[in-house]
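Here is how names work: the chains are called A, B, and so on, in the same order as the sequence lines, proteins then strands, and each is numbered from 1. Just so you know, these numbers use all the heavy atoms, side chains as well, and skip hydrogens, waters and symmetry mates.
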Amino acid sequence: MPEKNELMERVASLSKRRGFIFPSSEIYGGIGGFWDYGPLGVELKRNVREAWWQDMVRGHDDTTPPPGMPSPYAMVGVETSIVMHPQVWKASGHYDLFHDMLVDCRHCKARFRADQLATSQCPEKPSKRPGEHTTCDLTEPREFNLMFKTYVGALVDPESEAYLRPETAQGMFTNFKNVLATARVKLPFGIAQIGKSFRNEITPRYFTYRSREFEQMEIEFFCRPVESRLWYEYWRDRRFRWYVSLGLSGERLRLREHGREELSHYSCGTADIEYAFPFLPAGEFGELEGIAHRGDFDLRSHMEGKLVRRGEELVVETGPDGKPRYPGSGKDLSYFDEETKERLIPHVIEPSAGVDRSLLAFLCEAYAEDAIPDENGIPQPRVVLKLHPRLAPIKAAVFPLLRKEGMPEVALDLYRELRKRWNVDYDDRGSIGRRYRRQDESGTPFCFTVDGQTIADGTVTVRDRDTTVQERIPMTAVAPFLQERLATG
RNA sequence: GCGGGUAUAGCUCAAUGGUAGAGCCCUGGCCUUCCAAGCCAGAAAUGCGGGUUCGAUUCCCGCUACCCGCUCCA
């Protein structure tokens, strides 16, 4: 295998060569932080999404308590708009967190908040404030906004300003009452969503890892405060196992619990699921998913207004007039617990995963270079994507060994049958070995070949991508064979 | 945002102040009874914009993108 720093280039090169990922707007020179998925990439990405949706939402049994948990829970999905009422982001805290007027020092490269210049220090002369030291060379205050701004309505004026969402989560919180009122759910329950989000990354980097337009798979899990710690641990462990079940190895994948000092001001527990991406320095990991215990921060924010910490308490931040600086909706988002006859504000566990980051991790993990003996027994190099069959863009390929003696006709029949249910390739071009290699680079887990014996006894060979071992099975067993191996996990 | 590097075909690389080559890949054909065989034919490139020059892919400037290191970060 290539060196670590080279591995990423090989993966990026394969992505381009085989049509997984392209730079966005490439014919115009590209645009930083944006990427396109090609014919294989879009299949892989849909498979990542669908595996998540199937495992978290569709396939969830809401009548049976998970092992060791006190109760069953419900899970429903939503798909909410990308542009939301601007007040959402003010109440949620994103507006302040992502939006600052900043001043840079051209000399010492330090960056300061414009509103804090008076209380900041010049890094080179701590006794003076920025701008007061002789070498200081400050820029004018510049607007620094990690949220994409847009305008709702054709008229461009400040009144119509809105933002592209920097996370999908707020759409679940703003629909908390709607879901409660319509989905016949009770605590505990989760709301799931997959969708695009946008952040103006300062430094887009590492291929698609840090993109400005990206896709999230998020769950907001609402539960009783007394059970929240238990559910936090449930989700943390369950989400970790999900990545393992789709092929990320124990060595490169890790679960990291945040230390106290690392926690957000509202969180009482956060864990990251991290992957040792090949572009990172040895020993460093990049986040795939964060599982955060968010307490009642979000629902309270949307009731009362933007919250700030005062000592151990979260209180509504007030403006000069004593009123909430960024008011919430004023709507009651509390929950009446029929079991305990209590009214409470549910606590929230948030497993928030990146689709593109997961995909990139699956791709990096799957990439392998090995050697397969040729007809003379001499090892020949091969590039193969050992993707989990559930994720593989093409599930199987069907080949006629030769383009004669009735083989193409039989192979086409098989192809057409399989094609009704799965993304399957038919290929009769070039030598059989070449065709196997093509599929290896695309990550196709199985190849079925129609040969002379097929015509005689109705069996085909199945060739396994990872081992290259072949076995014969009846043609009638091909669909059940695939069905079994592509089963949901 | 700062500094350094890079930019030639889908990929990996050559070359040149004067017609830009190759290997792989890809397409069509021939051949071929299981792991990148062979033969024939074909498609395909100097990131973008300026400048110098008779002529720039080559030299200079700017921009963009990517990589590396800082900075920043959810």
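A salt bridge is absent between A:Glu441 and A:Arg437; no separation between the charged side-chain nitrogens and carboxylate oxygens falls under 4.0 Å. Ion pair A:Asp440/A:Arg382 flagged as a salt bridge, since at least one NZ, NE, NH1 or NH2 atom sits closer than 4.0 Å to an Asp/Glu carboxylate oxygen.
The cationic group of A:Arg236 does not satisfy the cation-pi geometry with A:Phe240, failing either the under 6.0 Å distance to the six-membered ring centre or the 45° limit from the ring axis. A cation-pi arrangement is not found for A:Arg256 relative to A:Phe285, the charged atom failing to lie both closer than 6.0 Å to the ring centre and inside a 45° cone about the ring normal. No cation-pi contact links A:Arg49 to A:Trp52, judged by a cut-off of 6.0 Å to the six-membered ring centre and 45° from its axis. Cation-pi contact between A:Arg10 and A:Tyr367: absent, since separation from the ring centre below 6.0 Å together with deviation from the ring axis within 45° is not met.
The residue A:Ser352 sits apart from the nucleic acid: no heavy atom pair falls under 4.0 Å. Counting non-hydrogen atoms under 4.0 angstrom, A:Gly38 reaches nothing in the nucleic acid. Using a 4.0 Å heavy-atom distance criterion, A:Glu201 is classed as a base contact. Contact annotation for A:Gln470: base contact, defined as any heavy-atom pair under 4.0 Å involving a base atom. If you check every strand for non-hydrogen atoms under 4.0 Å, A:Phe214 touches nothing. Backbone-only contact: A:Phe207 has heavy atoms under 4.0 Å from sugar-phosphate atoms and none from a base. Heavy atoms of A:Pro381 sit under 4.0 angstrom from at least one base atom.
With hydrogens and angles left out, the side chain of A:Thr203 and the base of B:rC72 share no donor-acceptor pair within 3.5 Å. For A:Tyr28 against B:rC48, a side-chain-to-base donor-acceptor contact under 3.5 Å is absent.
Between A:Ile372 atom CD1 and B:rC34 atom P there is a gap of 17 Å when expressed in whole angstrom units. In this structure, A:Glu284 atom CD and B:rC68 atom P are separated by 12 Å, rounded to whole Å. As a whole-Å value, the separation of A:Arg210 CZ from B:rA65 P is 16 Å. Atom CZ of A:Arg212 and atom C1' of B:rC66 are 13 Å apart (whole Å). A straight line from OH of A:Tyr209 to P of B:rC68 spans 14 Å, rounded to a whole angstrom. The distance between atom CZ of A:Phe34 and atom P of B:rU64, rounded to the nearest whole Å, is 15 Å. To the nearest angstrom, C1' of B:rU27 lies 13 Å from CG of A:Asp428. Here the P atom of nucleotide B:rA9 and the CD1 atom of A:Ile27 are 16 Å apart, to the nearest Å.
Between A:Tyr163 and A:Phe98, the gap from one ring centroid to the other reaches at least 6.0 Å. Between A:Tyr209 and A:Phe279, the ring center distance clears the sub-6.0 Å criterion.
Taking atom C1' in both B:rA45 and B:rC2, the straight-line distance is 34 Å, to the nearest Å. Nucleotides B:rA15 and B:rU46 have their C1' atoms positioned 11 Å apart, rounded to a whole Å. Using atom C1' as the reference point in both B:rU27 and B:rC66, the two lie 30 Å apart (nearest Å). On the C1' atoms, B:rG10 is 35 Å away from B:rG1, given to the nearest whole Å.
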Practice task
Step by step, work out the salt bridge (Lys or Arg N to Asp or Glu O under 4.0 Å) result for A:Asp425 and A:Arg438.
Solution key: CA-CA 11 Å; A:Asp425 249 14; A:Arg438 262 201 288 264; over 6 Å; no
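Side-chain contact of A:Thr80 with A:Gln193: a donor-acceptor pair under 3.5 Å is present, judged by distance alone. Side-chain atoms of A:Asp451 and A:Thr454 include a donor-acceptor pair closer than 3.5 Å. Side-chain atoms of A:Tyr234 and A:Arg238 form a donor-acceptor pair, as typed in the model, at a separation below 3.5 Å. With no hydrogens or angles considered, no side-chain donor-acceptor pair links A:Thr174 and A:His302 at under 3.5 Å.
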Between protein and nucleotides 29-33 of chain B, what N or O pairs are separated by less than 3.5 Å?
residue: B:rU33; atom: O4; partner: A:Glu405; partner atom: OE1; Å: 2.5
residue: B:rU33; atom: O4; partner: A:Glu405; partner atom: OE2; Å: 3.4

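With B:rU71, B:rC25, B:rC68 as the choices, the nucleotide that has an atom nearest any side-chain atom of A:Arg434 turns out to be B:rC25.
Residues A:Thr468 and A:Tyr436 are not in side-chain contact: their nearest non-hydrogen atoms beyond the backbone lie 4.5 Å or more apart.
A heavy atom lying under 4.0 Å from RNA chain B marks the following residues of residues 11-25 of chain A, by number: A:Ser13, A:Lys16, A:Arg17.
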Problem - Pairing string, 5' to 3', for RNA chain B - Watson-Crick or wobble contacts under 3.5 Å, brackets [ ] where pairs cross, | to another strand - result: (((((((..((((....[..)))).(((((.......)))))....(((((..]....))))))))))))....
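Between A:Glu287 and A:Gly32, the one whose closest nucleotide on RNA chain B sits nearer the 5' end is A:Gly32. Of the two residues contacting RNA chain B, namely A:Thr461 and A:Gly29, the nearest-nucleotide position lying further toward the 5' end is that of A:Thr461.
One finds a side-chain N or O of A:Arg429 lying less than 4.0 angstrom from the OP1 or OP2 phosphate oxygen of B:rU27.
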